[in-house]
> 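Below is one structure. I have some questions about it.
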Amino acid sequence: SQQGEEDPQALSIQEGENATMNCSYKTSINNLQWYRQNSGRGLVHLILIRSNEREKHSGRLRVTLDTSKKSSSLLITASRAADTASYFCAPLDQGGKLIFGQGTELSVKP
Amino acid sequence: DGGITQSPKYLFRKEGQNVTLSCEQNLNHDAMYWYRQDPGQGLRLIYYSQIVNDFQKGDIAEGYSVSREKKESFPLTVTSAQKNPTAFYLCASSIERGYNEQFFGPGTRLTVL
């Protein structure tokens with residue numbers, strides 16, 4: 001399977017703590033994108049990191065990419081209850097297709 | 001309001017019936033996509049379209065059909081040939097295929113009775 005794999009599958013933390021989610025993939029990529037999905041809703045794009053970038057920041061989000069290890073991580077700092085959602089990494093393969101993994105289900109307790 | 005809309009939000013179908021899911025976007029995007037999501041799973045690509053009057057099969061196209069007669073619209077028909085159609089269906093669009101972020105609609109939950 002070309003699917004990306006997120007780790008952990010589920011993560012439960014307290015408000016104010018940091019949340020780290022990891023992603024591994026198998027194919028060569030053009031870029032890697034992270035999306036968020038609230039229960040029963042559509043996905044929302046969070047951040048895109050290009051294959052020649054190693055780190056990117058957006059507000060409380062920090063994404064790293066290691067193409068030699070075919071892995072990426074998403075860090076959410078100072079988490080809030082509103083961050084509770086599923087998070088998906090989606091590598092964009094050389095054919096222009098986004099490859100979604102099963103996601104990490106994040107629960108932030110107040 | 002710019003965005004991508006899907007209707008209906010919930011859809012119930014009897015076995016043997018075809019149903020059509022609507023997807024409309026006013027973002028002036030060339031590319032549109034249909035994904036299927038099963039519980040606890042990621043998204044799987046059903047069909048995509050890079051431009052009007054063109055569409056290509058994704059990974060799980062069997063039992064589905066699409067059309068792209070207008071830039072704004074990309075309806076998906078779930079036919080009776082689809083063996084297990086109960087799922088959450090998501091439509092997305094992007095400026096062009098590849099490289100760019102995709103914008104998703106709110107989804108349609110289809111249940112076969």
> Looking at every heavy atom in both A:Phe88 and B:Gln41, which two are closest together, and how far apart are they?
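In this case the closest contact between A:Phe88 and B:Gln41 is CE2-O, 4.1 Å.
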
> Where on A:Leu43 is there a heavy atom nearer than 4.5 Å to chain B: the side chain, the backbone, both, or neither?
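Both parts, heavy atoms under 4.5 Å.
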
> Do the side chains of A:Leu61 and A:Ile49 join up, straight or via other hydrophobic residues, at under 4.5 Å, putting them in one cluster?
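Hydrophobic grouping puts A:Leu61 with A:Ile49.
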
> Give, as side chain, backbone, both or neither, the part of A:Gln37 having an atom under 4.5 angstrom from any heavy atom of chain B.
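Contact with chain B is through the side chain of A:Gln37 alone.
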
> Spell out, as yes or no, whether a donor-acceptor pair under 3.5 Å connects the side chain of A:Arg41 to the backbone of B:Gly107.
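No.
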
> In Å and rounded to the nearest 0.5 Å, what is the CG to CD distance from A:Asn31 to B:Glu101?
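If I round to the nearest 0.5 Å, the distance is 10.5 Å.
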
> Drop me the distance from B:Gln102's CD to A:His45's NE2, to the nearest 0.5 angstrom.
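Going from the CD atom of B:Gln102 to the NE2 atom of A:His45 covers 9.0 Å.
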
> Atom CZ of residue position A:Arg60 - does it have more than 12 heavy atoms of other residues, nucleotides or ligands inside 6.0 Å?
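Atom CZ in A:Arg60 is crowded, with more than 12 foreign heavy atoms closer than 6.0 Å.
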
> Working to the nearest 0.5 Å, report the span between CG of B:Leu43 and OH of A:Tyr35.
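If we round to the nearest 0.5 Å, B:Leu43:CG and A:Tyr35:OH are 10.0 Å apart.
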
> In terms of heavy-atom proximity below 4.5 Å to chain A, should B:Asp59 be classed as side chain, backbone, both, or neither?
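Only the side chain of B:Asp59 comes within 4.5 Å of chain A.
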
> Give a yes or no on this: more than 12 heavy atoms of other residues, nucleotides or ligands lie within 6.0 Å of atom CD of B:Gln25.
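More than 12 heavy atoms, drawn from other residues, nucleotides or ligands, come within 6.0 Å of this atom.
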
> CZ/A:Phe100 to OH/B:Tyr35 distance, rounded to the nearest 0.5 angstrom?
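A:Phe100 CZ to B:Tyr35 OH: 4.5 Å, rounded to 0.5 Å.
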
> Just checking A:Gln9: does its CD atom have more than 12 heavy atoms from other residues, nucleotides or ligands closer to it than 6.0 angstrom?
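It does not: A:Gln9 CD has 12 such atoms or fewer within range.
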
> So how far is it from A:Lys97 NZ to B:Gln56 CD, rounded to the nearest 0.5 Å?
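It is 13.0 Å, given to the nearest 0.5 Å.
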
> Answer yes if B:Val66 and B:Leu11 sit in the same cluster of Ile, Leu, Val, Met, Phe, Trp and Tyr residues linked by side chain heavy atoms under 4.5 Å apart, and no otherwise.
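Yes; tracing contacts between hydrophobic side chains, which count when under 4.5 Å, links both residues.
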
> Is B:Tyr33 reachable from B:Ile95 through a run of I, L, V, M, F, W or Y residues, each pair having side-chain heavy atoms under 4.5 Å apart?
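No; B:Tyr33 is not reachable from B:Ile95 via cluster members.
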
> Is it true that B:Tyr47 and B:Ile60 fall in one hydrophobic cluster, defined by side-chain heavy atoms closer than 4.5 Å?
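Yes; tracing contacts between hydrophobic side chains, which count when under 4.5 Å, links both residues.
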
